[in-house]
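Along the sequence shown, the residues carry numbers beginning at 1. Note that this is a predicted model, so its numbers are computed, not measured. Keep in mind that the numbers below use all heavy atoms, side chains included, and drop hydrogens, waters and symmetry copies. Numbering of ligands and ligand atoms starts at 1, following listing order.
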Amino acid sequence: MNETILILGASGQIGNELTQKLRVLYGNNNVIASDIREGSKDLMSSGPFEIIDATDKETILKTIKEYKVTQVYLLAAMLSATAEQFPKKAWDLNMGSLLAVLDLAKEKHIKQVYWPSSIAVFGPTTPKENTLQKTIMEPSTVYGISKISGEFWCNYYHEKYGVDVRSLRYPGIISYKTKPGGGTTDYAVDIYFKAIEERNFECFLSKNTRLPMMYMQDAVNATIKLMQAKPEDVKIRTAYNLAAIDFTPEEIALEIKKHIPDFTISYKPDFRQQIADSWPSSIDDSEARKDWNWNHKFDLKLMTDHILSNLKAQQSKETSKM
Ligand code: NAD
């Protein structure tokens, strides 16, 4: 695998773990992390890092030339909850960065582009259960509008200019290594930390809000599998539906209680409830499973076992240092 990869937005929740997996696969020096802020200690110490604004096409091009980059993973974005506070800024970042990278691919400076979409492309009029790849798509959030527009730009650059751009509609991504960056599914990360630290959690969504979710390891594997698929197997050039699990805040709390019996949860829905209500509760990703053999590994139980045992190990390491 002879690729040199540039990651834009590498210090975020997904970038931190995706970069490190790519470094294992492609070699530390062949994966250049970049962001407008520094990332975790592991990210910074395991390979090259550059400060790059993902909307700054000239600086991206300079870096591509300097490192002889062949692929760009564009992860920089403003996420759903934050984008509702800063609509214009979200549009400028989410669209400006994508068009900069697509143009660099069109101009043949890079061979392949990865850009994630989201379940936010769906809206209140979309059928909620087992939402199909092709269905009613009328997003009601700024973030969703930027993602659906981005999908069509990707398809346009592929059809018109032959750009090899690939994309997944991620569900809510759950991890314990890096805190999430302002999304509506962030509660499903915070809940584990609060369960360990405080034994209780106040949830900003109501107890029966069912949303599609995925453990970080599955999301990273899906991303790399799609990027490594043969071009002829990538039949969808907007973005693939991608799914693993779906659950409600009440169900995740019950799973946590199996490990921490005195854990309690209370519910205080805020503005994010309206965003969540506009999204599907489960996703049909049969096209991804058929076209490039996607399979998830983690269900709610396995993910909870994994996260809680790692957080507990981290906690006892910290207490033994004190
Ligand atoms: P995040 O907010 O954790 O990370 C985004 C990173 O982009 C941050 O490190 C931030 O510093 C950086 N950034 C912001 N502005 C930048 C700029 N101008 N130039 C360069 N970097 C900049 O987000 P994430 O969760 O890692 O998401 C990565 C991608 O995946 C995004 O496109 C997001 O929309 C998509 N996605 C994420 C989820 C999820 O649950 N995390 C779900 C669906 C889609």
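Considering backbone and side-chain atoms together, L79 places no N or O closer than 3.5 Å to any N or O of ligand 1. The shortest N or O to N or O distance between Y143 and ligand 1 is below 3.5 Å. No N or O atom of L74 sits closer than 3.5 Å to an N or O atom of ligand 1.
By the neighbour-count criterion of 12 heavy atoms within 6.0 Å, atom NZ of K301 is sparsely surrounded, having that number or fewer from other residues, nucleotides or ligands.
Here H109 contributes atom NE2 and T70 contributes atom OG1; the two are 14.5 Å apart, rounded to the nearest 0.5 Å.
Residues satisfying the side-chain hydrogen bond (donor to acceptor under 3.5 Å, both in side chains) test with E287, not counting sequence neighbours, are none.
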Listing, residues 262-269 side-chain donor-acceptor contacts under 3.5 Å, not counting sequence neighbours, or none:
residue: D262; atom: OD1; partner: R199; partner atom: NE; Å: 3.3

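For G172, the closest heavy-atom approach to ligand 1 falls below 4.0 Å. For the pair I36 and ligand 1, a heavy-atom separation below 4.0 Å is found.
Neither the backbone nor the side chain of W115 has a heavy atom within less than 4.0 Å of ligand 1. Under 4.0 Å from ligand 1, the heavy atoms of P171 that appear belong solely to its backbone. Here T55 has no heavy atoms under 4.0 Å from ligand 1, in either its backbone or its side chain.
Taking each heavy atom of W115 and C154 in turn, the nearest pair found is CE3-SG, 3.7 Å.
Between R237 and E151 there is no salt bridge, since no side-chain N of the basic residue sits under 4.0 Å from a carboxylate O of the acidic one.
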